[in-house]
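For reference, the structure discussed in these notes is given below.
Please read all numbers here as calculations on a predicted model, not as lab measurements. Indexing begins at 1, ligand by ligand and atom by atom, following the structure's order.
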Amino acid sequence: MTDQSQQFASDNYSGICPEAWAAMAEANQGHERAYGDDQWTARAADHFRQLFETDCEVFFVFNGTAANSLALSALCQSYHSVICSETAHVETDECGAPEFFSNGSKLLTARTENGKLTPAAISEIALKRQDIHYPKPRVVTLTQATEIGTVYSPEELRAISDTCRELGLHLHMDGARFANACAFLGCSPAELTWKAGVDVLCFGGTKNGMAVGEAILFFNKKLAEDFDYRCKQSGQLASKMRFLAAPWVGLLQNEVWRKHANHANGCARLLSELVADIPQLSLMFPVQANGVFLQMPEPAIEALRARGWRFYTFIGDGGARFMCSWDTEVARVHELAADIRLVLQD
Ligand SMILES: *Cc1c(COP(=O)(O)O)cnc(C)c1O
């Protein structure tokens, strides 16, 4: 028996959105040049340059771990270090890939407030040691939206990039949920990236309706030197690149990416509102993007699992995480909220 009911374990439980699917089908006609020399790759890259209102360098890879690891390795030498939050995906969920692809650049974790780095936390780490025995800080990486569903405002980003500039650090953004952050703030992609001092963005497609694929955007084009070789060497140069690029065309046209992110964010907000009055439960973090983190008693968590719900409890201090996606059904959000209420009444 297969159960295809919608779950809230991750936004990557969802399928492919119709717009990405249609673009894939359109790209699936005839022959095209390989390895990114095709019209779809050129079109997708141009869409990004239009959307971000700047002439950035654009690369396409298969997943977020590769995007982050390769981008970070382009920004530092092996003796450098990368400052990230203690809850960063690069630190906790990439199996050491950033260190591996950079030949040993060390990740240094900084404390966070609501999942976000601060100028003070960055300075503290960067200035802690300046001797030859310590890996030299070279990059700051932050996640937008964060792993716990919060979002950096443009002002917060600018304060961080000012600090980076003072300290001689590059600024990288893990944007696995960048669309959700833009949707929450109602900001343009440019305002949340290069206009706020971000050098490189990994823009996630998978969690927002694509089958596979993340785009890496270098706003500081000098940093992209030889990046194509890095992609190839790490097995991330798709020979049939048109199928990584075409879904981006589907997503970037007509602001589809923003529509899907808005929907996911709205479902998360709805879930948090539907359970807000339950006394035995507390919201762990503000609900800004598409995730809801709930602190509840262990028996309730078990009872919820027994009722067939899947969700993670290892992210963000042991609470239960519920992620909404581009296709989350509002009725299913109500079902989940009703079951949460039920298991807390027992
Ligand atoms: C999902 C995710 C990624 C990408 O993960 P992959 O499984 O490698 O595609 C990167 N960063 C964050 C914050 C994520 O949530």
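By the 4.5 Å side-chain criterion applied to Ile, Leu, Val, Met, Phe, Trp and Tyr, I132 is assigned to no cluster and stands alone. Hydrophobic cluster of V90: the remaining members, joined at side-chain heavy-atom separations below 4.5 Å, are F59, V61, L70, L72, L75, V82, F100, F101, L107, V139, V200, I216, F218, L223, F227, listed by chain and number.
Residues F311 and F322 place their aromatic rings such that the two centres sit under 6.0 Å apart.
The side-chain heavy atoms of F178 and T193, taken from C-beta on, include a pair separated by under 4.5 Å.
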Between ligand 1 and the protein, find all N/O pairs closer than 3.5 Å and give the distance for each.
{"unit_1": "ligand 1", "atom_1": "8 (O)", "unit_2": "G64", "atom_2": "N", "d": "3.4"}
{"unit_1": "ligand 1", "atom_1": "8 (O)", "unit_2": "T65", "atom_2": "N", "d": "2.7"}
{"unit_1": "ligand 1", "atom_1": "8 (O)", "unit_2": "T65", "atom_2": "OG1", "d": "2.5"}
{"unit_1": "ligand 1", "atom_1": "9 (O)", "unit_2": "G64", "atom_2": "N", "d": "2.9"}
{"unit_1": "ligand 1", "atom_1": "11 (N)", "unit_2": "D174", "atom_2": "OD1", "d": "3.2"}
{"unit_1": "ligand 1", "atom_1": "11 (N)", "unit_2": "D174", "atom_2": "OD2", "d": "2.6"}
{"unit_1": "ligand 1", "atom_1": "15 (O)", "unit_2": "R177", "atom_2": "NH1", "d": "3.1"}
{"unit_1": "ligand 1", "atom_1": "15 (O)", "unit_2": "K207", "atom_2": "NZ", "d": "2.7"}

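A salt bridge links E335 with R332: at least one charged nitrogen is closer than 4.0 Å to a carboxylate oxygen.
Pairs of residues two or more places apart, or lying in two chains, that qualify as side-chain hydrogen bond (donor to acceptor under 3.5 Å, both in side chains) and include a residue from residues 224-250 are S73-R230.
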